Every structure is written in structure tokens, then in C-alpha cells.
Novice: 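Once you've had a glance at the structure underneath, I'll fire off some questions.
What you see is a predicted model, and the numbers here were worked out from it, not measured in a lab. Throughout, protein chains are lettered first and strands after them, A, B, ... in sequence-line order, and every chain is numbered starting at 1.
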Amino acid sequence: MEKYDHKKIEEKWQKEWAKDDLYRASDSQDKPKYYILDMFPYPSGAGLHVGHPKGYIATDVFARMKMMQGYNVLHPMGWDAFGLPAENYAIKNKIHPREATEKNIETYKRQLEMLGFSYDWSREINTTDPEFYKWTQWIFIKMFEKGLAYESYEPINWCPSCKTGLANEDLEGGKCERCGSEIEQKPMRQWVLKITDYADRLLNDLEKLPEWEESIKEMQKNWIGRSEGAEVDFQIDGEKVTVFTTRPDTLFGATFFVLAPEHPLVKKVTTDEQKKEVEKYIKNAAKKTEMERTELAKEKTGVFTGAYAVNPVNNEKIPVWIADYVMMGYGTGAIMAVPAHDERDWEFAKKYDIKIKKVVVETDDSKSQKSKVKSQNCNSKIKNDEAFCGEGSNINSSFLDGLKTNDAKEKMIAWLEKKDLGKRAVHYKLKDWVFSRQRYWGEPIPLIHCEKCGIVPAPEDELPLKLPEVEHYEPTGTGESPLANIDEWVNTTCPKCGGSAKRETNTMPQWAGSSWYYLRYIDPHNNKALVDKDKERYWSPVDFYVGGAEHATRHLIYARFWHKFLYDIGAVSYEEPFTRLQHVGLILAEDGRKMSKRWGNVINPDEIVEKYGADAMRVYEMFMGPFSQAVSWSTNGLVGTRKFLEKVIRIKSKVKIQKSKLQLKNQNLERLLHKTIKKVSSDIEEFKLNTAVSAMMILVNEMEKEEEIDENVYENLLKILSPFAPHLAEEIWFSFAKASEDKSKYQESIFKQKWPEYDHELARDEKIELVLQVNGKLRDTIEVDAETEEAEAKKLSLESEKIKKWVEGKKIVKIIFVRGKLVNIVIK
RNA sequence: GCCGUGGUGGCGGAACUGGUAGACGCGCUGGACUUAAAAUCCAGUUGUGGCGACACAGUGAGGGUUCGAUUCCCUCCCACGGCACCA
């Protein structure tokens, strides 16, 4: 047997492919295009572990098949290189974040190249490259000009002892990870993007994405969280306070009123006796994160303000409380509480002994609405000690009495609108996007504050507005960006009036670059426009986008939002950026935990490639389990795919080179080959890469049993294997140039060959095992022609000796026949 | 807590649209080859009972629908991803 020197083979072909520019995507537009994209990585200091490339391997398999199927494939890679870790590393080690980032990129790139990916490296991008972020800044300015960016005071996590803002990740149970002090929510001047303006389109257009996984669409729907209802105006001490409710039909059941602790009216309406307690409560609430506040399981807390609100439907006075389960960011920051029909209100009322008034009763219909109610996680049946959140019909509700929930809602809204006490309204859970960070290592926000002219965007021809070179990246102590300390940077002139002005010192979040980077690959060196229109029309949209499920909501919603905006200003020609979306499941460590330095269970791909080869690792990662599921790594399992590749080499010696057209063909093997081509092609298309590999294993096992293998069969095996094990397939392919009659085809890369097509007739089963059941239990199987019809199948099954034994003396109730599958005899 | 995903042999997993549960791989057991080992090949490998043919049980737990359920429905348990400043 030939020795499998993976190292030699892999290095050789990686060089050859690069030399021949085999994977360069052509802009000539003479072939159908296919744009397949990986979510680009953040190059961290730790380098890749074996889990990272799983998605990249899969897209590479897909891209190579598409290439062989005649597509002009765009399969690029780049770096999402701004971000907090580089900045923290820089502060700690006194290295410029750019240097650290460049070093990390070098490592990542080396590690990716050793796996033999078909990336078009001529299109490599980097979000920290000024030529790239020039356009990130350009998009921001366009949004600012369209009124989609606004300033607002938004809270950050503030550590009073470190005097710095902290990411949510740097908190441990509400305390600073470093020094352990209590974290405060400190309002900072921030830039916010009005993503809510796009809420309806982001939601509705999900329907235009049939090739997205349902689960991800579902998550986005819930993230946007559209709910229909009404805004209702209450009066507190003569002040109008609007609440939003999805259940205007329960207005008569409102027995108290709750304001968020941050609500501006709180201070105004609180009575002197309650002042102390209210203030204490507000201070405490400021310490809690949103998640802590909304936890349904947590005991509700609140304080009475001493004030009363007037319910507009019946002029009843109901007590006004403040409670942290009401959020300023959702709805209006105020709610009418209907304890009889809302679980949280119920709990609150029980705890503080507030009146509960039932206004909806269960009807026969409400039982059938279980599933709808379930999504609200509420009780659909009336139990003695719980709120009833289902639909039913109204009681104790004056003009709504006897109406079903939906009708009651409508009637109430009409009534409110007529009396000018409220209106129909839609609210979203989606919040505007806090778009600024008080950090150094991000894109500077290209705005200038002028006392005379207000806020003025930097002129387009001055972009990119580059990050200044500085010595220190330490936090300022005020919570502002380190840029605020650089006078030469901050002080500038106003582009409008020429007077002295100050630059914006906030930078953009890491999400900025990743919200549009896929467009840059199309035209990576353009410095005149975001993207050339003609190229964009050809390459867009991304046909297939693959990446981690953790991006299901934020990254993918942000990118869709930016894309729609770019569409609106005419910069791109399609409304949705990604046609097909697939998420990759994690590779866990052998112990079943996440791979992490902390657990010491990280497996480095360098070692695996060194020992077993890139091809064995590629095949293994595709074989180890369903693509979108988390699977534990097993180096033992990897041995199996390595053996499989060795077997492919071993059976090469059995290949009979075709000397003439007339020859005896091995029918069974040929049939299996066509079945395998069919399965592997459709499995790759559907991203069922694990079963594609096992289908090839079955074929190779059969080939091994034969004395001789037709050249044609082996050649096709190589072709379907080549996307998975490109180096090995290419090596064997070229080795045939010496022996074969048809030398020419073996002198050109296997990736320039045509992807094999299967013969329908040969891929079809002639004979099948017909399953014979009695009362649904398997009792016998018989081999029959695949086309066997019902009457014949029934006759055959009743002739079976084994079946006779079971049926004897029993009454046959009926016989079920499933074509090509089974006969089930039901007896009594 | 909320949203999403998943739970099948000793292990990773397979099973079309409700139709033979355990493909393929790992591991393990026995055998062939070898002075020996490695590699390779052959046979076996869900559990229980049986020499065997075979029978019964079996896809996180419990219930339901069906001629038939890993697959559909209900209740529950467990693990993982996300929850807006980690990317």
C-alpha cells in the first residue's frame, strides 16, 4: 500500500492551489454566481480550537461542490477585529491593540490555511482597516442625516471604584468582576439608532425568507415582540399618564397602577409620607439588571407612592405604586394592573393585599385556545389561587358585559377613541440600538459638536476619520471614551461655520462592522463607493450564510436593519441580505463542557493536523454529528475517518484502468455508486454532512470487497469525496495521469471537473424488503419487486409461513398496504 | 423567568412525509495473518429468557391519538444556546 503522507500532500497542494489562483472568484459575470459566506471570526489571542473551523469546513465542502457544478463561487474570509478583548489586552500589556490584533490575525490565517480552505484571499477584509471603516462611518452619517441616529442618556454598568464602564459579561452577580464592588447604572450621553422604525419590516420580511431555519425566525419574531393593544390615558393628580395594554377588555378590572421606578412622574406624585421609602426603593432598583427585574419567579417588590390614579372607564381611584417589574424601556413605563388576569399583577396584589376584581370568565371557547395562551405562559383555566389569563367573556364590566374577549377589546378601543381617552396602538419589545461605546478600539463616530451649528457630520471627503495614535487606552475615570483625553483629537473646526468645535468621542460597538461586511467582499478595494452597483447586483444577496446560533438575534437583526436602510437610500438592490441561513452547532470538549482555557480541555487544531492531517480532521468534523447540533469532540472518533481515507488509498490498487470501451461492469457496484452520488449530492445541499460521509464509507466498504474496481467508479468516488478531503482527492487524481488512457483530464485539478450526475434508473431499487406485520409488529420480511402492487403484496403476505402462524384461527379485521414498504394484517 | 434547541446501545450518531429502531464510525469480544507485535481482514456486539428457531421489553418520565409512534398531541424532568455593552 502507498504510504499516506498527509503532511507532504497537504503542503504540496495548498501551494499549488495558491499558485494557480484556483479559488479566485471572477467578476466577469459569465456564469451563475453562488455567494457562500461564513460569519467572520473575531481573532482572539488564544487562536483557533478545533471547534471554530466546523462551520468553515462545511461551507468549504459546499463551495467546492458548487464550483464543480459550474457556479462562479464567492467564498471569502475576513476579520471582525475591533472589540473589547483587544483593548483590555492592550491596557494590560502596554501593546497597541492594532499590534495585538495583527498578530492574532496572523495566527488565525495560518490555522485556516492549513485546513485547505477554498477562500479567495484576494478579497480578505478587516473591520479595523481605515479603508474598511471609512464606509462603516459613511453608513452612520447617512443614518444620521436621515434622522435615524439620535443622542440619549442611556445607562451603562458603572463600577464606582474602578471608575469605568463594564460590559454585562464583566459582571458577576451584579458586582464588578475585578474588584467586587456593587455596580451602578450610570446614565451616559450615547448615540442610539432608531431600529424601531424598521420593526414592522424586520418582522414582516421574515416571511420572504423561506430558506431560513424556522427556529431562528421564531427567535427574531420574539425579539421584535410585536403586540397589539391600546394606549389608555389615566390621570394622576391632574397629570395625564398613558399606559399600554394588550388587554383593553380588562380595563374594568384594574385595581392598581404601577410606574417604573425611573418614570419621570414618580417624584412629582409621591406624597411626603411616602417619599423616603420611594427614594430608597429607586436607589435599590438602579442596581438590578433588567433580567433580574423581569424574572417571573422572583418575588415582586414595590412601594406605594401615596398617590391615586383615575381609571377613565369608571372614574375609580386606584392606588399608584412603583415596582421594578415595570420597565421604562418597554411600553410607556407605566401599567394598569389587573391582578385577576395577569400573573405578575396577581402576585403583586396578593403580596401587598390589594383588591382583585374578576372581569373575565372562562367560556367553552377559551378551552380550545390553549396553545395561544400557552405562549404567554399563563393559566388558561381558572384555578382558585391563580390569575386567569386566557380569553373568555366579560363580567362586571358595564358596557362590555357578555362580550367575548376579542369583541370586548374592539368595543373598548372604539369607546376610548370616541371619548379621546386612548387609542389603538402597537408596541414592540424591540428597543432602539444603543450604538456608542466609551472605548478606544472601535470606529470613531464621525460627528462634530459645534456650539453654533449643533451636531454636524464630518465631510465625506474627510473619511475615514482615523483613530488617533495614542500612548494610553486607560479609562478616563469619568466614564467617557479615552479619546476624550486627547485634546488634539477632540478640538477641531466646524465643517459648516469654520468655528472651533469638538469631536464626538464615543466609538461604535463591534456590531457596526459586522452589520455590512458581506457587501465589502463583493468589491473589497473600492474607495469611491460602498460597493459598485453592477457588481452588487450580480453577487448580492448572499446565497448561503453559515454561523453560530448565538447570532440569531442581534447580529442578524442588526445586519438586516442596515441592509434595509442601504436599500432605502439606493445603495443596494435587494431588500434582504441573506437568502439561506444555517446555524452551526458547537463542538464541545471530550468532557462535554465548552472548550475553554478555564477547564483546560481545549484541543488545538495544529496538533490534530500535524498528527492526522487536515483531510482527516475535515472529514471527522463533518462526520461527528448533525451539523447544527452541539457534539463532543473525540480524538478516538477521528481515528475512524483517518482509517477511511487510508482505505480509499488502499483500494486504488484494485482499480482496473479502462483499456477499451467493451468491458464487464460490476452492476452491483455501479448501482451503489449512483445511489451514493445521489445521496451525497443531496446531503451536501441540505447540509446533512454526517450522512454524506457515512454514505461514502458504505461505498468504499463495498469496493473493498471486490477484486477489481472499474476506473469510472473510483473516479467518481474521488470527485464526491474531494470537497471533504480536497488534498487527498487531488493527489490521487493527478496520480492517474501516469496510468490512464485518458491522460488529459487527469492533468487538470479535480476541482475543475464536473460534479458527477447520477443515473435515475441505476440509483433506483429494483428489489425491496417488504415488511410483513401483524397488528403492527414485525413478523416476517420477504424480498419482492419494488413495483409490487397491493393485491399481489397481500397475497404474498398471507402465503408467508410465519404470518400464517400468527393469523391462524384469528379474524382478520383489515389489511393495510403501504407501497414499497409494508403489509400490516390487523387481527382480533 | 422568557425565547429557542436537544434527550435513541458502552460512546458519537442513523431512521424518507407516522411504517423493519440502532445505518455509519468508535470501543469491546473472538478468529485469520505474523516468530511476535502493529497494521489489515473476517465474525459478533440494545437488554432479558432460550442450545436454537424464536419470544418479550426497549428511543428522558408519565399519559393520549393510531392498524402502527423515536416521529403527532398533553403533562413533567434534565442539558445546551440567547436575553440587548462578550463576539
Novice: Under the rule for ring pair (Phe, Tyr, Trp, His ring centres under 6.0 Å), what residues qualify as partners of A:Phe817, not counting sequence neighbours?
Specialist: none

Novice: When all nucleic acid strands are considered with a 4.0 Å heavy-atom cut-off, which category describes A:Glu213: base, sugar-phosphate, or nothing?
Specialist: nothing

Novice: On a whole-Å scale, what distance lies between the C1' atoms belonging to B:U45 and B:A36?
Specialist: 28 Å

Novice: Please tell me whether A:Lys647 and A:Asn701 have a donor and an acceptor in their side chains that are separated by less than 3.5 angstrom.
Specialist: yes

Novice: Does the side chain of A:Arg779 get closer than 4.0 angstrom to OP1 or OP2 of B:C56 through an N or O atom?
Specialist: yes

Novice: Mind checking the P distance from B:C42 to B:G64? Whole angstroms is fine.
Specialist: 47 Å

Novice: Mind checking the C1' distance from B:G49 to B:G58? Whole angstroms is fine.
Specialist: 15 Å

Novice: Taking atom types as modelled and ignoring hydrogens, do the side chains of A:Trp441 and A:Thr507 form a donor-acceptor contact shorter than 3.5 angstrom?
Specialist: no

Novice: For B:C3 and A:Lys429 - does any side-chain N or O of the residue sit under 4.0 Å from the phosphate oxygens OP1/OP2?
Specialist: no

Novice: What's the gap between B:U71 and B:G7 when it is taken at their P atoms, as a whole Å value?
Specialist: 11 Å

Novice: Just to be sure I follow the notation: if a pair is Watson-Crick (purine N1 to pyrimidine N3 plus N6-O4 or O6-N4) or a G-U wobble (N1-O2 and O6-N3), each under 3.5 Å, what dot-bracket string does RNA chain B give, with | for pairs to another strand?
Specialist: (((((((..(((......[....)))((((((.......))))))((((....))))..(((((..]....))))))))))))....

Novice: Give the rounded distance in Å between these two atoms: CE of A:Met327 and P of B:C83.
Specialist: 17 Å

Novice: Quote, to the nearest angstrom, the P distance that separates B:C77 from B:U66.
Specialist: 28 Å

Novice: Mind checking A:Ile156 for me? I need base, sugar-phosphate or nothing, with any heavy atom below 4.0 Å counting as a touch.
Specialist: base

Novice: Tabulate protein N/O versus nucleotide N/O from nucleotides 40-51 of chain B, keeping only pairs under 3.5 Å, one per line.
Specialist:
residue: B:U40; atom: O3'; partner: A:Arg650; partner atom: NH1; Å: 3.4
residue: B:C41; atom: OP1; partner: A:Glu704; partner atom: OE1; Å: 3.4
residue: B:C41; atom: OP1; partner: A:Glu704; partner atom: OE2; Å: 3.0

Novice: Rounding to an integer number of angstrom, what distance separates B:A23 and B:G9 when you compare their C1' atoms?
Specialist: 14 Å

Novice: How about A:Lys351: does its NZ atom have over 12 heavy atoms from other parts shown lying under 6.0 Å from it?
Specialist: yes

Novice: How far does the P atom of B:G22 sit from the matching atom of B:C54, given to the nearest Å?
Specialist: 15 Å

Novice: Quick check on B:C54: is either OP1 or OP2 less than 4.0 Å from any side-chain nitrogen or oxygen of A:Lys805?
Specialist: no

Novice: Kindly say if A:Lys777 contacts the phosphate of B:A57, meaning a side-chain N or O under 4.0 Å from OP1 or OP2.
Specialist: yes

Novice: When all nucleic acid strands are considered with a 4.0 Å heavy-atom cut-off, which category describes A:Leu772: base, sugar-phosphate, or nothing?
Specialist: nothing

Novice: Say we look at B:A15 and B:A69: how far apart would their C1' atoms be, to the nearest angstrom?
Specialist: 13 Å

